[in-house]
Protein chains: 4
Amino acid sequence: MSENVASFPIPEPQGDEYESQPKDVGGVAGARLKSFIERIERLEEEKAALAEDIKEVYAEAKGTGFDTKTMRKLIRLRKMDGDKRREEDELLELYKSAVGLV
Amino acid sequence: MSENVASFPIPEPQGDEYESQPKDVGGVAGARLKSFIERIERLEEEKAALAEDIKEVYAEAKGTGFDTKTMRKLIRLRKMDGDKRREEDELLELYKSAVGLV
Amino acid sequence: MSENVASFPIPEPQGDEYESQPKDVGGVAGARLKSFIERIERLEEEKAALAEDIKEVYAEAKGTGFDTKTMRKLIRLRKMDGDKRREEDELLELYKSAVGLV
Amino acid sequence: MSENVASFPIPEPQGDEYESQPKDVGGVAGARLKSFIERIERLEEEKAALAEDIKEVYAEAKGTGFDTKTMRKLIRLRKMDGDKRREEDELLELYKSAVGLV
DNA sequence: ACCGTGGTTAGCTTTC
DNA sequence: GAAAGCTAACCACGGT
């Protein structure tokens with residue numbers, strides 16, 4: 001009774017081919033959905049892997065004696081600078097196109 | 001161009017070049033720190049790019065008529081399955097080591 | 001002069017009556033705010049007390065020879081089951097409303 | 001096969017009696033463990049309920065026009081005062097006992 | 001255009 | 001003293 005976990009289209013929990021296409025479940029739309037879902041999951045995995053990598057770099061830096069809290073602050077600051085710069089550039093572009101300088 | 005923003009000690013808040021390498025500012029440690037920072041920033045950029053990609057996939061799916069909220073829930077659910085599986089495995093290991101089965 | 005940071009709410013730091021209502025400081029709103037703040041603080045206290053209790057149970061279990069790490073994992077797992085169940089229900093609702101079955 | 005979630009003692013995810021005592025699983029220890037687990041889960045539930053309540057109070061305050069972010073700051077400040085006070089008291093006690101004033 | 005919700009990240013506490 | 005788990009702040013998305 002607590003068993004039918006998948007009374008709705010939650011194909012499988014795990015790394016796996018779900019070979020039998022679910023084409024009949026929701027019609028063609030099912031295959032389409034499945035494709036979107038899988039693309040997203042793939043991207044999320046890569047994202048998680050990068051987050052992992054970042055943690056490792058911090059750990060390494062820490063092992064070398066750096067204070068990670070300070071490092072984070074630094075990076076945040078630099079990012080803010082970058083964003084600011086970008087906005088200024090965009091504004092400039094805007095001006096240019098407004099003046100017909102494309 | 002947006003290069004070498006920061007050699008080391010939170011140089012300036014502003015867009016600017018200070019080409020002269022900071023090798024003497026903080027000694028060798030400065031170069032080391034800079035290297036860590038740049039590695040992290042590189043990884044963060046990639047991560048942001050992936051987040052961008054994900055958004056686009058959602059947008060595309062939405063354009064095809066799918067409800068993104070539902071999609072997100074589905075994905076969350078599938079992720080939970082994966083996580084749960086992983087935790088169960090860990091618990092099993094824990095039991096084994098507790099019983100001396102290494 | 002760093003004194004009375006709180007010409008306004010922040011009446012006193014401590015167990016204490018501040019009988020004279022601050023009704024004139026910030027107008028009626030002040031009394032209202034004070035009431036909200038106190039309600040929250042009361043609830044936070046109870047929450048902290050429960051956290052304390054939980055720690056004690058773990059300590060007792062540990063004293064009886066159980067491995068708390070395993071216990072925690074077990075509990076987390078059981079919680080995940082509950083959460084998953086809940087999410088599945090929500091997803092089902094989502095589907096229904098998406099299909100107009102309200 | 002992905003079904004037997006509970007190849008190990010994870011009774012059930014849900015509101016449920018696990019009537020048949022697990023006395024044979026791990027011997028008497030099983031019942032003891034179960035009892036601890038349930039006590040903790042009960043406490044965790046109450047804690048979660050309080051967190052819920054707190055959120056509601058914030059929501060209500062917000063509805064009345066208060067800025068919750070500011071409120072949180074206020075509360076944090078007041079809490080710090082309380083903690084500080086407490087620490088001072090403890091220090092005082094320490095002094096007293098050190099001097100034999102119990 | 002705003003609000004509410006959900007996800008992410010950072011800081012803190014506690015454990016080993 | 002390091003590692004992990006928990007909690008709280010922040011941010012971004014989607015809906016109204």
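Naming convention: chains lettered A, B, ... in sequence-line order (proteins, then strands); numbering from 1 in each chain.
At the phosphate of dT9(E), neither OP1 nor OP2 sits under 4.0 Å from any side-chain N or O atom of Lys47(A). The side chain of Lys55(A) contributes no N or O atom lying less than 4.0 Å from OP1 or OP2 of dT9(E). In terms of phosphate contacts, Arg76(B) brings a side-chain nitrogen or oxygen within less than 4.0 Å of OP1 or OP2 of dG7(E).
Map Thr68(C) and Glu90(C) each onto its nearest nucleotide of DNA chain E; the residue landing nearer the 5' end is Glu90(C). Of the two residues near DNA chain E, Lys62(C) and Arg72(B), the one whose nearest nucleotide lies more 5' is Arg72(B).
Taking the charged nitrogens against the carboxylate oxygens, Glu88(C) and Arg85(C) have no contact shorter than 4.0 Å, which rules out a salt bridge. With respect to the salt-bridge test (charged N to carboxylate O, under 4.0 angstrom), the residues Glu87(D) and Lys84(D) do not qualify. Look at Arg42(A) and Glu38(A) and you find no salt bridge, because none of the NZ, NE, NH1 or NH2 atoms lies under 4.0 Å from a carboxylate O. Using a 4.0 Å cut-off between charged nitrogen and carboxylate oxygen, Glu90(B) and Arg76(C) do not count as a salt-bridge pair. A salt bridge links Asp83(A) with Arg86(A): at least one charged nitrogen is closer than 4.0 Å to a carboxylate oxygen. Electrostatic pairing of Arg78(B) and Asp81(B) does not count as a salt bridge here, judged by no charged N lying under 4.0 Å from a carboxylate O.
One atom, CD1 of Ile54(C), and another, C1' of dT14(E), lie 14 Å apart when rounded to the nearest Å. Between the NZ atom of Lys79(A) and the C1' atom of dT8(E) there is a distance of 13 Å, given to the nearest Å. Taking atom CZ of residue Phe66(D) and atom P of nucleotide dC3(E), one finds them 17 Å apart after rounding to whole Å. In this structure, the CG atom of Leu74(B) is 16 Å from the P atom of dG6(E), given to the nearest Å. Residue Glu56(D) contributes atom CD, which lies 15 Å from atom C1' of dT5(E) at whole-angstrom precision. As rounded to whole Å, 15 Å separates atom C1' of dT8(E) from atom CG of Leu50(B). Rounding to whole angstrom units, CD of residue Glu44(A) and C1' of dG6(E) are separated by 13 Å.
For the pair Arg32(D) and Phe66(C), the cation-pi criterion (under 6.0 Å, within 45° of the ring axis) is not fulfilled.
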Go through the steps to decide whether Ile54(B) and Val57(B) satisfy the test side chain to side chain contact (heavy atoms under 4.5 Å, CB included), and finish with yes or no. CA-CA 5 Å; Ile54(B) 291 170; Val57(B) 179; 5.8 Å; no

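Among the protein residues, Lys69(C) comes within range of no part of the nucleic acid, since none of its heavy atoms lies under 4.0 Å from any strand.
Bounding nucleotides for the chain B contact on DNA chain F, 5' to 3', at a heavy-atom distance below 4.0 Å, are dC13(F) to dG15(F).
Taking a 6.0 Å sphere around NZ of Lys79(C), one finds it holds 12 or fewer heavy atoms contributed by other residues, nucleotides or ligands.
Summary for the helix from dA1(E)-dT16(F) to dC16(E)-dG1(F): the axes at its two ends, each from 5 pairs, differ by 0° when rounded to the nearest 10 degrees.
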